[in-house]
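Notes for the one structure printed next.
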Amino acid sequence: MYAVVLLVCCSWVALLCPSVQAYENLALKKPAWQSSTEMSYNGAELAVDGLYTDLSWDGGQCAWSVGGQTTAEWGVDLGGVKYIHHVFIQYATDNWVWDEYNGYTGYFLGFSVYISNTTNKEDGVLCFRDTIYTRATIPNPVNITCPYHGRYVIYYNNRTHPPYPEGYSYDVYIELCEVEVYGCPTPGRYGENCSLLCPENCHCDVIDKTCVECVPGYKGHLCYEECGGHTYGLECKQSCGNCSGGVQCDHETGSCPKGCDAGLYGDKCDLECGGHTYGLGCKQSCGNCSGGVQCDHVTGTCPNGCVAGMSGDKCDLECDGHTYGLGCKQSCGNCSGGVQCDHVTGICPNGCVAGMSRDKCDLECGGHTYGLGCKQSCGNCSGGVQCDHVTGICPNGCVAGMSGDKCDLECGGHTYGLECKQSCGNCSGGVQCDHETGSCPKGCDAGLYGDKCDLECGGHTYGLGCNQSCGNCSGGVQCDHVTGICPNGCVAGMSGDKCDLECGGHTYGLECKQSCGNCSGGVQCDHVTGSCPKGCDAGLYGDKCDLECGGHTYGLGCNQSCGKCSGGVQCDHVTGICPNGCDAGLYGDKCDLECGGHTYGLGCKQSCGNCSGGVQCDHVTGICPNGCVAGMSGDKCDLECAGHTYGVECKQSCGNCSGGVQCDHVTGNCPNGCDAGMYGDRCDLECAGHTYGVECKQSCGNCSGGVQCDHVTGKCPNGCDAGMYGERCDLACGSYKYGVECKEVCGNCSNGIPCHHVDGSCPSGCDAGAYGVTCKESCGNCSNRDTCNDVDGSCPYGCDVGVYGKTCDKACQSGRYSISCAKACGQNCQGCNRFNGVCEFGCQPGWTGTFCEKRKVFAMTMKTSRFLLNWWIFNRSSTELFS
């Protein structure tokens, strides 16, 4: 036995002795899970606890799921992607002999093992599926070779597709006492002792170093080629075609080096703009889409139209042209002054045109009103109909007693009734009869009676109300019914046309032919002597009342004053009337009435109708007590606003009218348009939306950050977008410059052609030895001194000796040499030359040759052999030694 062991060790001394550090159990005490758990002491973690001396369900060393299930799954997380060699499974036996009579065999049959990089087995590879074992042949424990790399090892069994093979159970359990996963703990290693390096960028086979899969970002047989064609990541299967300027994303992470195309954001430019933004860098705003939905992330157009009050593809224009609301389809053309209504609500800011009412000026005046603000009344239309809402004219004429287009005039000229066609000219004092009935409000003219004063007096009566008597006419005849005059003279002793007076009229004597002055109260003087019993009539004085008043007096006893006649002249001595008119601010026969009706001054002939609130100005000076109506100024409110002002008290400014002309003194509107940089009826809005100048018709869309240029000059406040320069950013970079402020210098473009002024890209490729979008990167070391690709710097036929990589700019890693570093140095080499593979610092002990490929022959003493044998027996069981 000793001899055999010694022989084995001696024969394998160079092969087995260094391999004592075999594959490790990567699953030991790692996190585990299972589809269900039978009891609290049957958790998934018991299958990776390193204990499996008790193989019963209740021994506390086995993972166990709930029975009666059609599927069962258990898995372990290795903590990262590992290089796996094989999987060891110890199934439960309940500590009974494992043979065809053991009840657990039927539940083990048909199991599968998967290796995956996610917890989903379908994302991984099937390492093993039992389709051949029976209850009599299935081994326990079982070793399964799985030369794959992955993070999760998943055990799975199912009974979902009956009928089942003979011996299979009808349901499945997890009944795992231990699962051990053996492989290399360190990524990028292979070989039995996990000491050999896999090729760069390669997940290699754990046994023979064949590249099973490349690390993310690389492809090709040897995984030396970086992802291109707008791909990245594992197997170059992920797309990244949204980088700005169409450049390639980072081959490993997918991130874009120079930002994203318009409408996208995120490191990988795979997220569309949201939050009501769009365009480059998602910096443009579009918050007016209908329903609050997101606009198109690239163009900013709204898919379902705009919110109320907005229009345009991007919903960035307020409704105008007397429209408002959704789609700007509602009309609001009745605003005062023709101004635009509120673009959202339709409300008129300054009220309505004449005849319209409500906030939106969409309702005609009613309730017998018309005109501005529906404040004028027109309630006298025939039949009670509404008058015209603008003019107040009645369409079908007037009610009885009214006339005029607006039926606002009562019948006059001694007429009444419908259309004022009936006459009533006999009312007392010549007053107008009732305009509806024709009745006289204060009785009849002298000589008439009746409701309408259409009957003459009789029975020796006459005059007002036929109350005067005229019975002294000669011959007893009837006097005149109006005047009371006796047609044929008076009886003796009487006088007057009516013969009803003793001599009067300031006469006396026979036939009253003698005069007797102006007695007070018009009383008759003594009919004999002519003296006045109670003094004089108004305006006269003296014993016989034959002298007129003077000294600016008049009336009874010359006691009334009349000092306001124009020019200081004497008024009429009786009536007080001024013969040449009144002083300024007064009117009336006696100059005792102040001017009204918005007049003032001499003869009240000067007009002052612009006082605030329509109040009367001062009757003498014309000054308005409470200020002026909008648009007027001066003490007398007779001056229109000037000096670029308008409105109430001329306090509102309007200094941006074209040519410096005055705006409308009331509304502030500019008659000939606006100064450069301004717009709007009042020229009070600065140009926006990347416009400037006269009528905002000039464009300035290249300002840095998309900001608005100066509304007058078009100058950009913070500089220009990349590729542009000049005060207005309207000049493209030249002289082989590009980028922000044209500070970037173009690279090595082919034939000296200038690069693109914005991103510096070369339109016709790069000069030899340069590559990249801007041809600023250098490349070389290509095989046979070939020229590298001017886009990505790659060498078409590989790299020169001693270098590798996409652009052949990396020196061979330790352990590799030759063209493109394609050859591996000898395993026993120290200081391998990257150009020719020569071991510059010699070989590992026991090896020789240029490449350390030859084993040294040496004699082993009996003492050394015995030491190795004892060491081997101590570290390996007899099963491992002879298996």
Side-chain angles (χ1 to χ4, degrees), residues 412-414 425-433 440-447 462-465 467-468 482-485 495-498 500-508 512-527 530-606 616 618-620:
H414 306 300
N426 299 312
C427 292
S428 176
V431 299
Q432 170 67 31
C433 64
C440 290
K442 297 180 179 180
C444 306
D445 275 346
Y462 72 99
L464 288 172
N467 289 326
Q468 291 176 282
V482 176
T483 65
I485 294 173
S495 67
D497 290 339
K498 302 169 186 173
D500 55 352
L501 303 173
E502 291 181 353
C503 288
H506 311 300
T507 64
Y508 67 98
C512 302
K513 289 185 176 180
Q514 291 178 281
S515 290
C516 59
N518 300 302
C519 294
S520 176
V523 299
Q524 174 63 34
C525 63
D526 182 89
H527 64 290
S531 61
C532 291
K534 297 180 179 180
C536 304
D537 275 343
L540 295 160
Y541 71 99
D543 288 341
K544 296 182 179 176
C545 301
D546 54 356
L547 300 175
E548 294 182 353
C549 297
H552 304 300
T553 62
Y554 75 98
L556 285 173
C558 299
N559 290 326
Q560 288 176 280
S561 185
C562 59
K564 295 181 178 179
C565 294
S566 178
V569 300
Q570 170 65 34
C571 62
D572 183 92
H573 64 292
V574 177
T575 63
I577 294 172
C578 291
N580 300 321
C582 307
D583 280 345
L586 296 161
Y587 75 101
D589 289 341
K590 299 173 184 176
C591 299
D592 54 355
L593 301 174
E594 292 183 353
C595 296
H598 305 301
T599 62
Y600 75 97
L602 282 174
C604 300
K605 291 182 178 180
Q606 289 176 279
Q616 169 66 32
D618 182 271
H619 65 291
V620 178

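With hydrogens and angles disregarded, a donor-acceptor distance shorter than 3.5 Å links the side chain of Q570 to the backbone of T553. Under a 3.5 Å cut-off, the side chain of S566 and the backbone N or O of D583 do not form any donor-acceptor pair.
Once rounded to the nearest 0.5 Å, the distance linking OH of Y462 with OG1 of T483 reads 8.0 Å. Atoms NE2 and SG, from H573 and C562 in turn, are 11.5 Å apart once rounded to the nearest 0.5 Å. To the nearest 0.5 Å, atoms OG (S515) and NE2 (H506) are separated by 9.0 Å. Taken to the nearest 0.5 Å, the CG atom of D589 stands 4.0 Å off from the CD1 atom of I577.
Of the two cysteines examined, C549 and C558, the SG atoms meet the criterion of being under 2.5 Å apart. Of the two cysteines examined, C578 and C591, the SG atoms fail the criterion of being under 2.5 Å apart.
Between E594 and L586, some side-chain heavy-atom pair lies under the 4.5 Å cut-off. Between S531 and C525 there is no side-chain heavy-atom pair separated by less than 4.5 Å.
Counting all heavy atoms, side chain and backbone alike, D537 lies closest to L556 at C-CD2, 4.1 Å. Considering every non-hydrogen atom in both C444 and S428, the closest pair reads O-CB, 3.3 Å.
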Yes or no on disulfide bond (SG atoms under 2.5 Å apart) for C433 and C440, after CA distance, side-chain angles and deciding distance? CA-CA 5 Å; C433 64; C440 290; over 6 Å; no
